[in-house]
Amino acid sequence: MTAQAGHEQQLIARVMLESPLPQLDRLFDYAVPAALREQARPGVRVKVPLRSAGRIARGYIVETTEAVEFSGTLSELDEVTSSVPVLTPEVWNLARRVSERAAGSASDVVRLAVPPRQVRVEKAWQLEQQSGEQPSRYSANPSVTGYGDRVIDSAIDAGRRLAVAAIPAVHEVSPGVWVGRWAVTLAEAAARTLASGRTAIVALPDYRDQQQVVQALSALVPLDLISQLDARQPNADRYRAFLRCLEDAPRVIVGNRSVVYAPAGRLGLIAVWDDADPLHTEPLSPYVSTRDVALIRQEQSGCALLFASHSRSTWLERLVELAYVTPVAPDPAVLPHVVPTADQPGAEAAAHARIPSTAWNTARRALEDGPVLVQVARPGYAPVLACQDCRTPARCRVCEGALRIGGARQTPACDLCGAIAADWHCRHCESTRIRLVTAGTARTAEELGRAFPGTRVIVSDGERPHLTVDAKPALVIATRGAEPVAAGGYRAILLLDGERMLARESLTVAEDCLRWWSNAIALAAPRAPAIIVGVGGALARALVTWSQQRFSAAELPDRRALRFPPMVRLATVTGRAETVEQAICALPDSVDGHESATIDVLGPVDAGDGLVRATIRFDYALGAEVARSLRSSIIRNSTGRTKRQTSKATGTKTSFRPPPVLRVRFDDTEILE
DNA sequence: AGCACGCCGACT
DNA sequence: GTCGGCGTGCTC
């Protein structure tokens, strides 16, 4: 074929479709019509015909090529929705790797990475781009302090992976603004990255953490170089911030879990705070946690990676032992003053019910000087109910779940199914009188308020969180994870519900508790006592000696022996019995070169709704194979048979597919044993 | 998802 | 013969 003048070779766009269907999770080739040639660039949003004309699917151009890979007739690209290349090649590669690892669809990951388009915001941004306004220059030479001789600086400059033990203290970043010292460390690391002309991504579990980092950063770098990307902000703000990240200039991008997918041309650092916080686990398919995404992105981009926490997760400890991640500790060391007491609470007055006298006296003394933190296990008024007369726990009559109550005069309701227990009576003694067994924040507040008359009582829980409290005396009652930062630090800390927090039945209770307690203790003023009630043994020792790393390290041999995470990986497979059976049978036995790596299957067990769930355990070396196998099972299942049903009532024929259920979830940490 | 294709039983 | 119900498979 001879090319005529002006007749260029055909251009083909390879398109990722925005679809939840697993069988559409691959690239589709479309011919680019001449009129769209200019706009049809990798990363732009497009509309394309699918199957028959008239049906239009949305998607992104992943790449353009002149080589035809598809043997059939190509359809033409229908429309380029916007000329902004929102799906950068780097993010696309990340999405693909992440989805492969978790046996999910790349488009599901892209949905987390690219916020919904806001036309006005985009137009305004494009205009601003043309005006060529320059962002601030950052010309400082910051350093990460508190870790000896520039250890972290050089690791950032060299693109290494670190597990940083955070400094347990609070810090005043600007007059009257106090944050956890850890937030300063992350801000300094980000500033250091920025100074080297590269972008830093800082991922936080929740908004309160994010605020602390932003406050610490504001004291270090120009505000217009800080972008916040989190699900909490309105779509328009989020999209505006996202577009800023597409600009070439380096910046600091702060946000919650999906911020690890932010587009960043010259990525220099990913910093993750408290990687074991469950808020770092994405609740949407394919359920990948910040930690795993960060590790993959680090590997792809060669940027530095910094995990920081007060209590090292067992996952991170495993990577430290493999020498994949380098541990870094504060220098000079900072040791909080932790006092364990296994004393049983004094039985004297009701107000003392949960508080031993040592803790009591400590709190009273400290209250003369400033705020005192009381950490309790549960939010709200009084969660668990029992019969007033015979003490039998109150249970739901529908499903046997525990009954809870939201306030002093409210009707109890089931914790599991939500049924309201209006006419409750005890099964055992027929009494209709109900009593509170455990106390939440509000009840603790009432008790303590009575015990310390005239003292200010501040309650902070999930519903009414306080970010900060001032330095004046106050009793601050907080649920774990909702502790405000006190100006100058708390003068004393009481960790009350140790036993109850440890009573949860989960593989990770011990490390979860260690994390909750460590994070609270880190809010103490220098040398202020932190009293932990009702906890002894290795956990108490780890807190007193502030050696959480050693505790995590000691967990690993047991986990290895029992084949528990993080020493092996898990995947749960949920679906109808035959489907799950098939998926398990299709699993590989072993992989060449990794003959010692094994797979075993627990279950299946009943999962309700006529479904079963099996748990697959496998060594890390088999991860890719297991994911590939489960992925093809998912696709086989979703392209499967149709069932039709004739309605007996009306005789009308309704055609439907039973929702093809085969759900796969990798590395679920909520697995009970 | 949603739609075409194709395979067997009942029909002018 | 062929009309159409219904399972199966594909989508550039």
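The structure displayed is predicted, hence computed values, not measured ones. Throughout, a chain's letter reflects where its sequence line sits, starting with A, and its residues are numbered from 1.
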J.: How close or far is atom C1' of B/dG2 from atom CG of A/Leu24, stated in whole angstroms?
T.: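 Taking atom C1' of B/dG2 as the reference, CG of A/Leu24 is at 11 Å.
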J.: Does the ring of A/Phe70 meet both stacking tests against the six-membered base ring of C/dC12: centre distance under 5.5 Å and plane angle under 30°?
T.: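 It does: the two rings, one from A/Phe70 and one from C/dC12, meet the stacking criterion.
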J.: Around atom CG of A/Asp600, are there more than 12 heavy atoms of other residues, nucleotides or ligands at under 6.0 Å?
T.: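 More than 12 heavy atoms, drawn from other residues, nucleotides or ligands, come within 6.0 Å of this atom.
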J.: Rounded to whole angstroms, how far apart are CD on A/Gln23 and P on B/dA1?
T.: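 Result: 8 Å.
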J.: What is the distance from CZ of A/Phe28 to C1' of B/dA1, rounded to the nearest Å?
T.: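 Rounded to the whole Å, the gap is 13 Å.
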J.: Rounded to whole angstroms, how far apart are CZ on A/Arg55 and P on B/dG2?
T.: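 So the two atoms are 7 Å apart, to the nearest Å.
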J.: In whole angstrom, give the distance that lies between atom CZ of A/Arg58 and atom C1' of B/dA1.
T.: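 After rounding, the gap between these two atoms is 15 Å.
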J.: Can you tell me the distance, in whole Å, between the CG atom of A/Leu74 and the P atom of C/dT11?
T.: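 It is 12 Å, rounded to the nearest whole Å.
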J.: Would you check if there is a donor-acceptor pair between the side chains of A/Gln210 and A/Asn256 at a distance under 3.5 Å?
T.: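 A/Asn256 vs A/Gln210: no donor-acceptor pair found between side chains.
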J.: Rounded off to whole Å, could you give me the CD1-to-P distance for the A/Ile635 and C/dT11 pair?
T.: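 Atom CD1 in A/Ile635 sits about 14 Å away from atom P in C/dT11.
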J.: Regarding A/Arg161 and the six-membered ring of A/Tyr324, is the cationic atom NZ or CZ under 6.0 Å from the ring centre and inside 45° of its axis?
T.: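 Checked: cation-pi criterion met.
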J.: Taking CG from A/Asp78 and P from C/dC12, how many angstroms apart are they, rounded to a whole number?
T.: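 Whole-Å distance recorded here is 12 Å.
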J.: Kindly indicate whether the side chain of A/Leu295, heavy atoms from C-beta on, has any atom under 4.5 Å from the side chain of A/Leu305.
T.: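 Side-chain contact under 4.5 Å: yes.
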J.: Answer with base, sugar-phosphate or nothing: what part of the nucleic acid does A/Glu69 contact at a heavy-atom distance below 4.0 Å?
T.: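 Nothing, no nucleic acid heavy atom in range.
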